[in-house]
Number of protein chains: 2
Amino acid sequence: MAVHRLDRSLIRNLSIFQYMSDADLDNVLAMASVRQLPDGAAAFMQGVEATEFFCLLNGRLKVIQTTPDGQQVVVRHVNPGDIFGIARAMRRPDYPATATAIVDSLALAWPSNQWEAFIARSPTLALNALQTVGQRLQDAHTRILELSTEEVERRVAHAVLRLVRQAGKKTEEGILIDFPVTRQDIAEMTGTTLHTVSRVMTAWEAKGLVQSSRKRVVVVDPHRLYLLAESSGD
Amino acid sequence: MAVHRLDRSLIRNLSIFQYMSDADLDNVLAMASVRQLPDGAAAFMQGVEATEFFCLLNGRLKVIQTTPDGQQVVVRHVNPGDIFGIARAMRRPDYPATATAIVDSLALAWPSNQWEAFIARSPTLALNALQTVGQRLQDAHTRILELSTEEVERRVAHAVLRLVRQAGKKTEEGILIDFPVTRQDIAEMTGTTLHTVSRVMTAWEAKGLVQSSRKRVVVVDPHRLYLLAESSGD
DNA sequence: CGTTTGCTTGAGCAATTTCAAATCCAGTGG
DNA sequence: CCACTGGATTTGAAATTGCTCAAGCAAACG
């Protein structure tokens with residue numbers, strides 16, 4: 001549970017903790033515990049009291065919101081260096097979504113009630129946190145704009161390009177999305193069905209834009225995909 | 001331009017400035033200027049450098065994002081007491097949307113570069129700001145969930161109920177939304193067309209749920225509207 | 001008044017979902 | 001090594017939702 005000798009360098013480079021003094025960092029680290037999250041494990045679940053917040057050291061999570069009738073939406077993916085589960089920082093008592101590891105992952109965890117103390121100690125941290133949440137708000141608005149104004153194919157294109165930016169890895173055939181993604185996942189990111197995603201991606205495959213197989217997507221021609229995402233489809 | 005003798009009580013009750021010392025408040029007020037925004041005037045415009053942030057004293061604004069091809073989305077409505085235009089606080093150089101007064105309004109304005117100084121002076125302000133942005137993020141996610149999983153009628157119902165919560169005013173016939181709202185506005189809040197909104201609302205009118213006319217919406221039976229918004233529509 | 005802005009409504013149509021059925025593939029356990 | 005199992009994917013056909021186009025009407029505004 002408690003952590004001995006966590007290295008400062010672990011979190012020194014995380015954007016949220018940038019520009020903090022060594023002393024403050026040590027203080028922050030002293031309160032942290034390490035959490036191992038095997039593939040499929042949840043860091044926290046929707047509706048449960050928010051007792052901790054986290055920072056992902058490595059691996060990858062997806063954050064999912066579920067409607068009362070069981071439909072799911074992928075809120076976002078958590079990448080190494082991201083903080084997540086900061087519901088309490090926004091004065092929300094419970095987690096609004098579920099965060100699940102999609103590959104074996106490792107995270108730091110702090111008790112939620114430490115948040116205020118951290119902020120009080122370091123105004124820089126406050127500004128960083130605000131920026132982080134602000135960025136997420138931007139992303140959310142972008143998504144609302146897309147859901148409101150774009151047709152499915154372009155939404156899917158945007159979603160795939162976003163995945164490329166977050167986890168793109170150069171390979172022989174093109175840029176691989178470096179974690180398992182199903183058609184269902186992409187459907188939940190774009191507000192459509194796995195059937196439609198499948199049809200769209202099959203068409204792209206025929207046009208030589210992507211290559212995909214089971215839980216695996218490679219973008220062969222990012223530029224043409226980008227054009228497709230942006231052009232008004234004429 | 002500069003403001004003389006703004007009363008502390010003006011902003012004392014605004015949630016964002018709660019729990020600040022009188023001295024800090026005076027300091028904050030000293031930097032503020034008052035901005036009159038007649039109906040139709042823009043506080044700021046999308047894409048323009050974010051030189052100021054604001055707090056609405058009274059009136060009502062709508063915040064709109066426009067796509068490259070001219071489609072519009074209502075991001076949110078600004079109500080008295082809300083801060084807005086804090087793009088810079090999230091390290092965004094420009095305003096991501098346009099804020100327009102939909103009734104004659106009055107706001108306080110501060111230079112964007114004051115933000116950091118304010119936060120440094122008062123950690124409480126930082127926490128309040130974080131909460132505010134956090135709330136907006138929640139709202140945005142709620143909207144994404146609705147856009148992704150609900151059909152038009154329920155989305156419109158949710159949007160109208162949200163307006164009721166923000167600006168509902170009891171009248172003879174029911175709860176009036178206390179500022180001008182067009183079908184187009186509601187369409188831009190729900191990702192549909194004014195035609196569809198019109199059809200939906202005409203049907204509601206026939207069922208005795210609402211009464212509406214030009215730029216005016218009265219919810220006659222909030223409870224039944226709520227049921228309609230929540231039920232899976234069976 | 002004439003013009004503009006907002007609202008309604010019908011008809012046809014296109015995009016997407018639903019429903020249904022196969023097929024594929026990775027891993028599992030004989 | 002191979003058949004088996006279950007999740008993932010593909011695909012066709014039918015059903016549906018909501019959009020586009022088009023027209024007419026009504027209230028507000030100068």
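Residue numbers start from 1 in every chain, and the chains themselves are labelled A, B, ... in the order their sequence lines are given, proteins ahead of strands. Since the structure is predicted, the reported quantities are computational estimates derived from the model, not experimental observations.
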What is the distance from [atom1] of [X] to [atom2] of [N], rounded to the nearest Å?
| X | N | atom1 | atom2 | answer |
| --- | --- | --- | --- | --- |
| B/Arg155 | D/dT17 | CZ | C1' | 11 Å |
| B/Asp39 | C/dT5 | CG | C1' | 14 Å |
| B/Lys215 | C/dT5 | NZ | C1' | 8 Å |
| A/Glu153 | C/dT16 | CD | P | 9 Å |
| B/Arg216 | D/dA28 | CZ | P | 11 Å |
| A/Gln211 | D/dT9 | CD | P | 16 Å |
| B/Asp185 | C/dG6 | CG | C1' | 11 Å |
| A/Leu147 | C/dT16 | CG | P | 12 Å |

Mutual orientation of the aromatic rings belonging to B/Phe54 and B/Tyr95 [parallel < 30°, tilted 30-60°, perpendicular > 60°]: tilted
From D/dG6, D/dC19, D/dA27, nucleotide with atom closest to B/Thr193 side chain: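 Of D/dG6, D/dC19, D/dA27, D/dC19 is nearest to the side chain of B/Thr193.
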Side-chain ion pair, B/Arg35 and B/Glu52, N-O less than 4.0 Å: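 Result for this pair is yes, salt bridge flagged.
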Presence of salt bridge, B/Asp185 and B/Arg183, under 4.0 angstrom: no
Exercise: do B/Glu188 and B/Gln184 side chains pair donor with acceptor under 3.5 Å: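 Checked: B/Glu188/B/Gln184 side chains pair up, N/O donor to acceptor below 3.5 Å.
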Side-chain donor-acceptor pair present, A/Gln65, B/His141, cut-off under 3.5 Å: no
Distance below 4.0 Å between B/Thr192 side-chain N/O and D/dG18 OP1 or OP2: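 No, because none of the side-chain N or O atoms of B/Thr192 sits under 4.0 Å from OP1 or OP2 of D/dG18.
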Would you list the protein and nucleotides 8-11 of chain C atom pairs, both N or O, that sit under 3.5 Å from each other?
residue, atom, partner, partner atom, Å
C/dT8, OP2, B/Arg183, NE, 2.8
C/dT8, OP2, B/Ser198, OG, 2.8
C/dT8, O5', B/Ser198, OG, 3.4
C/dT9, O4, B/His195, ND1, 3.0
C/dG10, N7, B/Arg199, NH1, 3.0
C/dG10, O6, B/Arg199, NH2, 3.2

CA sep, side-chain torsions, deciding dist, call: A/Glu153, A/Val156, side chain to side chain contact (heavy atoms under 4.5 Å, CB included): CA-CA 5 Å; A/Glu153 187 175 24; A/Val156 174; 5.9 Å; no
